[in-house]
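Within every chain, numbering begins at 1; the chains are lettered A, B, ... in the order of the sequence lines, protein sequences first and strands thereafter.
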Protein chains: 2
Amino acid sequence: MDKKKTYSIGELAREFDVTTRTIRFYEDQGLVSPSRRGQTRIYSPADRVTLKLILRGKRLGFSLAESKELIGMYQPQGDNRHQLLALQEKIHQRRAQLEQQLHDIQAMQQELDDVEQRCIDAMNDLES
Amino acid sequence: MDKKKTYSIGELAREFDVTTRTIRFYEDQGLVSPSRRGQTRIYSPADRVTLKLILRGKRLGFSLAESKELIGMYQPQGDNRHQLLALQEKIHQRRAQLEQQLHDIQAMQQELDDVEQRCIDAMNDLES
DNA sequence: GGAGAAGTTTACGTTAACGTAAAGCTGGTT
DNA sequence: AACCAGCTTTACGTTAACGTAAACTTCTCC
């Protein structure tokens, strides 16, 4: 029994809070390639996952090209040794970037903590 | 004894690996406002920190406008109660976003782990 | 004193990631 | 039959964040 659930472009747009224009644009850029029933686009669960990955990438400041590359990495057709080594190198670089982002986030969180504390202190002073 | 160290635009550009055009653009956008000796811009340590914050924001996908707001939050002139409450709300929202980004990073790291493991397995298979 | 390096202003060009509008097809409903 | 919601294509418009080029000053060094 296939789960053969499918989605219309409008459904996905609503779910992910983007416009249909956006989803079609991603298709232009080769990020998704839904099948068709006549003219109408039919999206598979895999397409839906791809959209999720794109939007996650966006939240981390990735360009569509970068997200596309990442998604390509997740479906590897590692045939020869050279390609596998290249893939490992890309993985290594992405990981380094994510680590950098982690540090950046932690630094920001710390600063937000400080600001909020000063904020709280200032409000307490107002009540005195 | 003031630390009164200053920087030229070229120095900062080299240190942060951006062009002078970029730094002048940030000035146009009101993110930094160096003093002048004649025509020439003189940057203070505070300006340098601001640049650092901007670039950190960029690494996390923040727009310049967002970074500007964040930097504004770090130098609060919390005079009245209403402003302090508004500031706290902004802090709260930023924090939520950072948490989201943390989750996104962790998910990506997990996926990179998986891909790399499959990559390693594939290379081992090639050697058999 | 001429050349070069580093600074300046002004201004037009570029790329990514869509927005927005126009014009048209299509399947169900009143 | 008419209408509407939702889909389609085509195409020009827009914003952010700079790039790039031209033309000019100012300082230093040989």
* Asked: In whole angstrom, what separates A/Glu66's CD from C/dT15's C1'?
  -> 14 Å

* Less than 4.5 Å apart, any side-chain heavy atom of B/Val18 and any of B/Leu12? -> no

* salt bridge (charged side-chain N to carboxylate O under 4.0 Å, His left out) involving A/Arg36 - partner list, sequence neighbours excluded -> A/Glu27

* Classify the nucleic acid contact of B/Ser8 as base, sugar-phosphate or nothing, counting any heavy atom under 4.0 Å across all strands shown. => sugar-phosphate

* Structure fact -> Atom CZ of A/Arg24 and atom C1' of C/dA16 are separated, to the nearest Å, by 20 Å

* Set of residues satisfying side chain to side chain donor-acceptor pair (under 3.5 Å) with respect to A/Gln39, sequence neighbours excluded -> none

* d(CZ, B/Phe25; P, C/dG13) in whole Å -> 17 Å

* side chain to side chain contact (heavy atoms under 4.5 Å, CB included) between A/Phe62 and A/Arg94: does it pass, once the steps are laid out? -> CA-CA 11 Å; A/Phe62 287 34; A/Arg94 279 291 159 218; 3.9 Å; yes

* With A/Thr40 via side chain to side chain contact (heavy atoms under 4.5 Å, CB included) - residues at least two apart -> none

* Identify, with sequence neighbours excluded, every residue that meets side chain to side chain contact (heavy atoms under 4.5 Å, CB included) alongside A/Gln109. => A/Ile105, A/Gln106, B/Leu98, B/Glu99, B/Leu102

* To do: Rounded to the nearest angstrom, tell me the gap between atom OH in B/Tyr7 and atom P in C/dA6.
  => 19 Å

* Asked: How large an angle, rounded to 10°, do the end axes of the helix from C/dG1-D/dC30 to C/dT30-D/dA1 enclose when each is built from five base pairs?
  -> 10°

Name each donor-acceptor pair under 3.5 Å that joins a side chain in residues 45-56 of chain A to protein atoms two or more places apart or in another chain, with its distance.
residue	atom	partner	partner atom	Å
A/Asp47	OD2	A/Ser44	N	3.0
A/Asp47	OD2	A/Ser44	OG	3.2
A/Arg48	NE	A/Glu15	OE1	3.1
A/Arg48	NE	A/Glu15	OE2	3.1
A/Arg48	NH2	A/Glu15	OE2	2.7
A/Thr50	OG1	A/Ala46	O	3.1
A/Arg56	NH1	B/Glu111	OE2	3.3
A/Arg56	NH2	B/Glu111	OE1	2.5
A/Arg56	NH2	B/Glu111	OE2	3.2

* Report the C-alpha distance between A/His92 and B/Glu116 in whole Å, list the side-chain angles of each, state the deciding distance to 0.1 Å, and finish with yes or no for side chain to side chain contact (heavy atoms under 4.5 Å, CB included). => CA-CA 9 Å; A/His92 181 68; B/Glu116 189 174 33; over 6 Å; no

* To do: Return the residues of residues 46-64 of chain B meeting this criterion: a heavy atom under 4.0 Å from some atom of DNA chain D. Order them by number, or give none.
  => B/Lys58, B/Ser63, B/Leu64

* From A/Gln97, A/Glu89, A/Arg95, residue fulfilling side-chain hydrogen bond (donor to acceptor under 3.5 Å, both in side chains) relative to A/Gln93 -> A/Glu89

* **Test side chain to side chain donor-acceptor pair (under 3.5 Å) applied to B/Gln110 - qualifying residues, sequence neighbours left out** => B/Asp114

* Interface residues of residues 29-42 of chain B with DNA chain C (non-hydrogen, below 4.0 angstrom) -> B/Arg36, B/Gln39, B/Thr40, B/Arg41

* Identify the two heavy atoms, one from B/Arg41 and one from B/Pro34, that lie closest to each other, and give their separation to 0.1 Å. => CG-CG, 3.7 Å

* Could you tell me the separation between the CZ atom of B/Arg14 and the P atom of C/dA6, rounded to a whole number of Å? => 7 Å

Detail all sub-3.5 Å separations between protein N/O atoms and N/O atoms belonging to nucleotides 20-28 of chain C.
residue	atom	partner	partner atom	Å
C/dT20	O4	A/Arg21	NE	3.1

* d(CD1, B/Ile9; P, C/dA5) in whole Å -> 19 Å

* Asked: So does B/Tyr26 get a side-chain nitrogen or oxygen closer than 4.0 Å to the phosphate oxygens (OP1/OP2) of D/dA17?
  -> no

* Take atom CG in B/Asp17; do more than 12 heavy atoms of anything else shown fall under 6.0 Å from it? -> no

* Return the value, rounded to whole Å, for the distance between atom CG of A/Asp28 and atom P of D/dT10. => 10 Å

* Structure fact -> Sorted by chain and residue number, the side chain to side chain donor-acceptor pair (under 3.5 Å) partners of A/Thr19 (sequence neighbours excluded) come out as A/Thr22

* Asked: Can you name the residues that form a side chain to side chain donor-acceptor pair (under 3.5 Å) with A/Thr20, not counting sequence neighbours?
  -> A/Arg24

